[in-house]
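Read the numbers this way: they start at 1 and go in the same order the structure lists the ligands and their atoms. Residue numbers run from 1 in the order of the sequence given. Remember, predicted model here, so these are calculated numbers, not experimental data. The figures that follow rest on heavy atoms only: side chains count, while hydrogens, waters and symmetry mates do not.
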Amino acid sequence: HGKRIGGNRIEVFRPSMRTVRSDRLTLETDLRRALDRGEMHILFQPIIRLEDRTVAGFEALMRWDHPRLGRLSPAEFIPVAEETGAIVDLGLFAMERTARELSAWQAALDLDPPLFASVNISSRQLLRHDLLQDVRAVLSRWKIARGTLKLELTEGLVMENPEYAAQILTRIHEFGAGLCLDDFGTGYSSLAYLQRFPFDTIKIDRSFVHHNGKGARPIILRSIVTLAHDLGMDIVAEGAETESDAIELSQLGCEYAQGYVFGHPMSANEARKLVGAAQAAA
Ligand code: C2E
Ligand code: MG
Ligand code: MG
Ligand code: MG
């Protein structure tokens, strides 16, 4: 225990603190220029229909190829972008790139139901920016089947301001975007409460999905599936890593799964090839 003076805890200076602070400043500055410099990329991870193991859609996942630090994952830069406000432009970029790819996939592969694509939305985009305006701009630019461009939002995000979120999400949904509740099971709200938001899909967090084969699979997964279906929502299980995960999820009645057993996040080119191969098989 350190001594307290004037109520402030005395901390030993850790050399790493300085590095962390200056890295953060560098990231903030570099982030402002990253889009213009073409350093941001969107990868697409396939989402599989468990019934027949075909590709049903993709989730868009952002990567930053930093000139000095190499490829950064969203965990390393999204929080910074969220704080500085850079996330608004990055989010619009992700939506635009995703809509463009989706429109190309749908033109190449005429499926019923059509392929979908989902893109992650962060707090500032929903609560401190006109997200409806961005969705309108993107959807009017690209020819895409109604409801197939989906926004992924976590329950923590919508619960920051539930009244406002319900209102804006209802309008976005009416305008023709789909809505997914991301990472479900990690927060504290009940699905019954979340019913007031117009989600079509719930994505079950991977902490409930991958099973190491030891002991019984948590009962919670079974109850989430039942309740989501009672509420009329489809289910995507995130983070299916093994064939036995896939079989169990399918037996539980999950419609879709996403995870390394089916495919890692891939470039737009690779995603187009995958869609092309599906076209050839059809
Ligand atoms: P998320 O939306 O829950 O995305 C799923 C994450 O799980 C992705 O991590 C994906 O690569 C990873 N994943 C997929 N399959 C498996 C698997 O089988 N096993 C394991 N262990 N992991 C798997 P990623 O790409 O690092 O993204 C992390 C988070 O960053 C995302 O979580 C999302 O919250 C956020 N994010 C990504 N792209 C964007 C974006 O464009 N905008 C915003 N606002 N957030 C984003
Ligand atoms: Mg997501
Ligand atoms: Mg997720
Ligand atoms: Mg997750």
Side-chain angles (χ1 to χ4, degrees), residues 31 34-35 39-48 55 57-65 70-102 116-129 131 134-135 138 149-158 160 178-187 199-212 224 235-246 248-249 254 256-268 270-271:
L31 251 185
L35 260 184
E39 292 164 10
M40 290 297 176
H41 300 283
I42 307 296
L43 299 184
F44 298 92
Q45 186 179 31
I47 298 174
I48 302 305
V55 179
F58 292 86
E59 176 176 7
L61 296 161
M62 202 180 297
R63 297 291 182 268
W64 180 10
D65 286 330
R71 176 157 285 198
L72 301 180
S73 76
E76 296 169 281
F77 66 86
I78 295 283
V80 183
E82 171 84 17
E83 242 173 69
T84 62
I87 191 66
V88 170
D89 286 342
L90 293 180
L92 182 57
F93 166 75
M95 226 190 286
E96 177 72 20
R97 287 292 290 107
T98 303
R100 181 172 109 191
E101 290 309 310
L102 179 59
F116 60 82
S118 62
V119 59
N120 293 285
I121 300 297
S122 77
S123 169
R124 191 186 277 252
Q125 283 175 280
L126 178 74
L127 301 175
R128 290 166 66 190
H129 172 74
L131 183 61
D134 285 358
V135 170
V138 167
L149 181 68
K150 304 185 186 209
L151 310 185
E152 296 198 0
L153 307 109
T154 62
E155 82 185 77
L157 196 177
V158 300
E160 275 181 52
L179 297 173
C180 305
L181 181 58
D182 203 357
D183 298 348
F184 186 73
T186 55
F199 291 111
D200 332 272
T201 305
I202 106 162
K203 299 191 75 171
I204 302 179
D205 191 69
R206 67 181 152 88
S207 53
F208 302 100
V209 169
H210 173 59
H211 190 226
N212 61 11
I224 294 174
I235 294 164
V236 178
E238 305 187 299
E241 292 190 356
T242 61
E243 179 57 26
S244 92
D245 286 340
E248 285 184 56
L249 292 164
C254 293
Y256 307 103
Q258 171 183 358
Y260 298 159
V261 66
F262 297 119
H264 285 254
M266 57 182 79
S267 70
E270 292 168 301

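At a cut-off of 2.8 Å, N120 coordinates the Mg ion (ligand 2) through an N, O or S atom. Taking 2.8 Å as the threshold, D205 does not count as a candidate ligand of the Mg ion (ligand 3), since none of its N, O or S atoms lies below it.
Between F199 and F184, the gap from one ring centroid to the other reaches at least 6.0 Å.
If you number the atoms of ligand 1 from 1 as listed, the ones under 4.0 Å from a heavy atom of I78 come out as 42 (N), 43 (C), 45 (N).
E101 and T98 share no side-chain donor-acceptor pair at under 3.5 Å.
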Verdict with supporting geometry, N120 and E59, side chain to side chain contact (heavy atoms under 4.5 Å, CB included) | CA-CA 8 Å; N120 293 285; E59 176 176 7; 2.8 Å; yes
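With a heavy-atom cut-off of 4.0 Å, H210 does not touch ligand 1 at all. Neither the backbone nor the side chain of A75 comes within 4.0 Å of ligand 1, counting heavy atoms alone. Only side-chain heavy atoms of R63 come within less than 4.0 Å of ligand 1; its backbone N, CA, C and O stay farther off. Of all the heavy atoms of S122, the ones lying under 4.0 Å from any atom of ligand 1 are found in both the backbone and the side chain. Contacts between D182 and ligand 1 below 4.0 angstrom, taking non-hydrogen atoms only, involve the side chain exclusively. By the criterion of a heavy-atom distance under 4.0 Å, both the backbone and the side chain of L61 are placed next to ligand 1.
Tested against S118, the residues E152, K150, Q45, Q258 include a single side chain to side chain donor-acceptor pair (under 3.5 Å) partner, E152. Considering H41, R71, M40 in turn, M40 is the only one that fulfils the side chain to side chain contact (heavy atoms under 4.5 Å, CB included) rule with W64.
Side-chain contact between P46 and M266 is present, with heavy atoms from C-beta onward closer than 4.5 Å. Under the 4.5 Å side-chain criterion, counting only non-hydrogen atoms from C-beta, L151 is not in contact with L126.
Counting just the N/O/S atoms of E152, the one with the shortest distance to the Mg ion (ligand 2) is named OE1. Within E59, the N, O or S atom lying nearest to the Mg ion (ligand 2) carries the name OE2. Per residue D183, closest N, O or S atom to the Mg ion (ligand 3): atom name OD1.
The backbone N or O of E238 lies less than 3.5 Å from no partner atom in the side chain of D205, so there is not a single donor-acceptor pair.
For Q125, no nitrogen or oxygen atom sits less than 3.5 Å from a nitrogen or oxygen atom of ligand 1, counting backbone and side chain alike. Residue P74 has no nitrogen or oxygen atom sitting less than 3.5 Å from a nitrogen or oxygen atom of ligand 1, judged on distance alone. An N or O contact shorter than 3.5 Å is missing between Q258 and ligand 1 by distance.
In this structure, OE2 of E238 and OD1 of D182 enclose an angle of 100° at the Mg ion (ligand 3), rounded to 10°.
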